[in-house]
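Input: a single structure, listed below in structure tokens.
We count ligands from 1, going down the list as the structure has it; atoms in each ligand are counted the same way.
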Amino acid sequence: MNIRTLSTQIYQTILSGNVDTRFDTIPDQQERAFAKKLIFTALRKQTFIKKVIGRYSSKQLPQKLGLEQIALILGTTEILYLHTPEYAVVSSYVDIAKNLGNKYAGGFVNAILRKICQDKDSILQALNIPFFSKNFRHILQPDYTAKQIAAIEKYAALEPPLDLTVKTNPEQWAETLGGKIMPNNSIRLYTAGAVSQLPGYQEGAWWVQDFASSLAVTALGNIKGKNVLDLCAAPGGKTAQLINAGAIVTAVDISEPRLQTLKENLKRLELKAKNIICSDAIIFLQHNNESFDVIMLDAPCSATGTLRRHPEIVHTKTINDVIQSTKLQQQMLDAVIPHLKKNGILLYSVCSLAKDEGEKQIGSFVKTHPEFKIIPITPSTLFGNNILPEVITPEGFVRCLPSILGKEGGMDGFFIAVLQKE
Ligand SMILES: C[S@@+](CC[C@H](N)C(=O)[O-])C[C@H]1O[C@@H](n2cnc3c(N)ncnc32)[C@H](O)[C@@H]1O
């Protein structure tokens, strides 16, 4: 199957919410790189491209896109952003639309792509090229000002850098990899290529983890020798950090395939967990009497904070996803309580931009559970000195946004709270 047809099908799978879509099923390295570039550019520009297509068509594209409509979006992406010769684009996507769509689709795609080729320069002069869909904007509007949303949108639409967490020697690895050391000793690479080909990958010197995500374990301070329950642990970025910091870790996750990735990661890194258990977190807690010094709940969430690497999120998530996640998080928080030792620490984090899943979730948890107090996180807990105070909220939570350090590559949207059971 040719790579444009395959990309059209992968695009549909991604939009259907399959977060684990694997590009490594494309054997040819160059074709894989092309498919990734095409698909991620199209996802970042889709809101704008749909508007452009709407200008030339009597009907707006529907919310749920068919394969012929995806072919049109990918064709437009190539014409406007990838600089592919126009004759190659139009004929390829007309064929795809004919083969994958209905018998009228070829003519429709042909007519629209030809008009877009003609008007390319004037289309690209548009000042405002939106990234967020209406539904996605609705998720953010209760929590952020128009100015904050505009900044998040601007920086989240850019291709993010690659952040690595190192086991030791950040300076040495930054030099070897040609990266920049971040305030938390993560290493940021602006151009990377295939991760598994980078120095240090085979010998397990580092793992891929966004800067924001790596702050959760750092917020715990010294955890050497502590008994830690890592709930919702896969694929294991934070598990690796916990073990690397000397904790004795029980890792639990509901997903067998994701736990398999966790195991492979820990093996490559030569890090050992005490236990790795495949279970629903709540069922595990109900059937276990053990109590822990620290429980880390990196809860399932709307994942809206990961929109830079998963731009499909801005087209697929709605406020209902936030509401559903909020309920599950609340149940998990309640289930954790009996398993914390006296003075034990609960670390709660989510890769969500919605405050219902973060600030408001924990705000109402401490109100209804007065035995828990917030341990304020400070810049010096995270970075050893007073840098990046903008990631700390007045309550002492961490709130990361893609717009913070935007010019240096930004970070995922992320929330972290540290609570102590008295
Ligand atoms: C945000 S990811 C965790 C990321 C992970 N902590 C890390 O740092 O690599 C959320 C995880 O929650 C898991 N999950 C979802 N529902 C769950 C449940 N009811 N019980 C346990 N794990 C669950 C998912 O399989 C997913 O791996």
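- Shortest contact from atom 16 (N) of ligand 1 to any protein heavy atom: Pro300 CG, 3.6 Å.
- Applying the 6.0 Å contact sphere to NZ of Lys226 captures no more than 12 heavy atoms from other residues, nucleotides or ligands.
- Checked against a 3.5 angstrom limit, the closest N/O atoms of Asp253 and ligand 1 fall inside it.
- Summarising the contacts of atom 19 (N) of ligand 1 with Val208, Leu259, Ile283, Asp280, the nearest heavy atom is found in Asp280.
- Any N or O atom pair closer than 3.5 Å counts here, and Cys351 shares no such pair with ligand 1.
- Counting heavy atoms of neighbouring residues, nucleotides and ligands inside a 6.0 Å radius, atom CD of Glu371 exceeds 12 of them.
- Using a 4.5 Å heavy-atom cutoff, the side chains of His369 and Asp334 are in contact.
- Residue Asp143 is tested with Lys360, Lys355, Arg137 for a salt bridge (Lys or Arg N to Asp or Glu O under 4.0 Å); the sole match is Lys360.
- Listed by atom number, the atoms of ligand 1 under 4.0 Å from Ser255 heavy atoms are 25 (O).
- Note: an N/O pair closer than 3.5 Å links Gly237 and ligand 1 by distance alone.
- Using a 30° and 60° split on the angle between ring planes, Phe383 and Phe211 fall in the parallel class, below 30°.
- Of the charged side-chain nitrogens involved, at least one lies within less than 4.0 Å of a carboxylate oxygen, so that Glu290 and Lys274 count as a salt-bridged pair.
- Heavy-atom proximity to Ala233, at under 4.0 Å, picks out these atoms of ligand 1: 5 (C), 6 (N), 7 (C), 9 (O).
- Cation-pi check for Lys317 over Phe136 is not met; the charged atom does not lie both under 6.0 angstrom from the ring centroid and within 45 degrees of its normal.
- With ligand atoms numbered from 1 in the order given, ligand 1 contributes 9 (O) to contacts under 4.0 Å with heavy atoms of Pro235.
- Of all protein heavy atoms, the one lying nearest to atom 18 (C) of ligand 1 is Met332 CE, 3.4 Å.
- At least one N or O atom of Ala281, backbone or side chain, sits closer than 3.5 Å to an N or O atom of ligand 1.
- Aromatic rings of Trp207 and Tyr201 (six-membered ring for Trp) have centroids beyond the 6.0 Å cut-off, not under it.
- Rounded to the nearest 0.5 Å, atoms CG (Leu164) and CD1 (Ile187) are 6.5 Å apart.
- Geometrically, ligand 1 and Gln209 share no nitrogen or oxygen pair separated by less than 3.5 Å.
- Those atoms of ligand 1 that come under 4.0 Å of a heavy atom in Gly236, given as number and element, are 7 (C), 9 (O).
- The shortest N/O to N/O separation between Val252 and ligand 1 does not fall below 3.5 Å.
- Arg308 has a carboxylate O that lies under 4.0 Å from a charged side-chain N of Asp412, or vice versa, which qualifies the two as a salt bridge.
- For the pair Ile254 and ligand 1, the shortest N or O to N or O distance falls below 3.5 Å.
- Taking the charged nitrogens against the carboxylate oxygens, Glu390 and Arg399 have no contact shorter than 4.0 Å, which rules out a salt bridge.
- Of all atoms in ligand 1, listed by their number and element, those nearer than 4.0 Å to a heavy atom of Arg258 are 2 (S), 25 (O), 26 (C), 27 (O).
- Scanning the protein for heavy atoms near atom 6 (N) of ligand 1, the closest one is Asp298 OD2, 2.7 Å.
- At a heavy-atom distance under 4.0 Å, no atom of Cys301 approaches ligand 1.
- Nearest protein neighbour of atom 12 (O) of ligand 1, counting heavy atoms only, is Cys232 CB, 3.3 Å.
- At least one donor-acceptor pair closer than 3.5 Å links the side chain of Gln420 to the backbone N or O of Asn343.
- By the neighbour-count criterion of 12 heavy atoms within 6.0 Å, atom NZ of Lys37 is sparsely surrounded, having that number or fewer from other residues, nucleotides or ligands.
- Contacts of Ser279 with ligand 1, taken as heavy-atom pairs under 4.0 Å, involve the backbone alone.
- Among the atoms of Leu328, none of the N or O lies under 3.5 angstrom from an N or O of ligand 1.
- Remark: ligand 1 and Lys238 share an N or O pair separated by less than 3.5 Å (distance only, no angle test).
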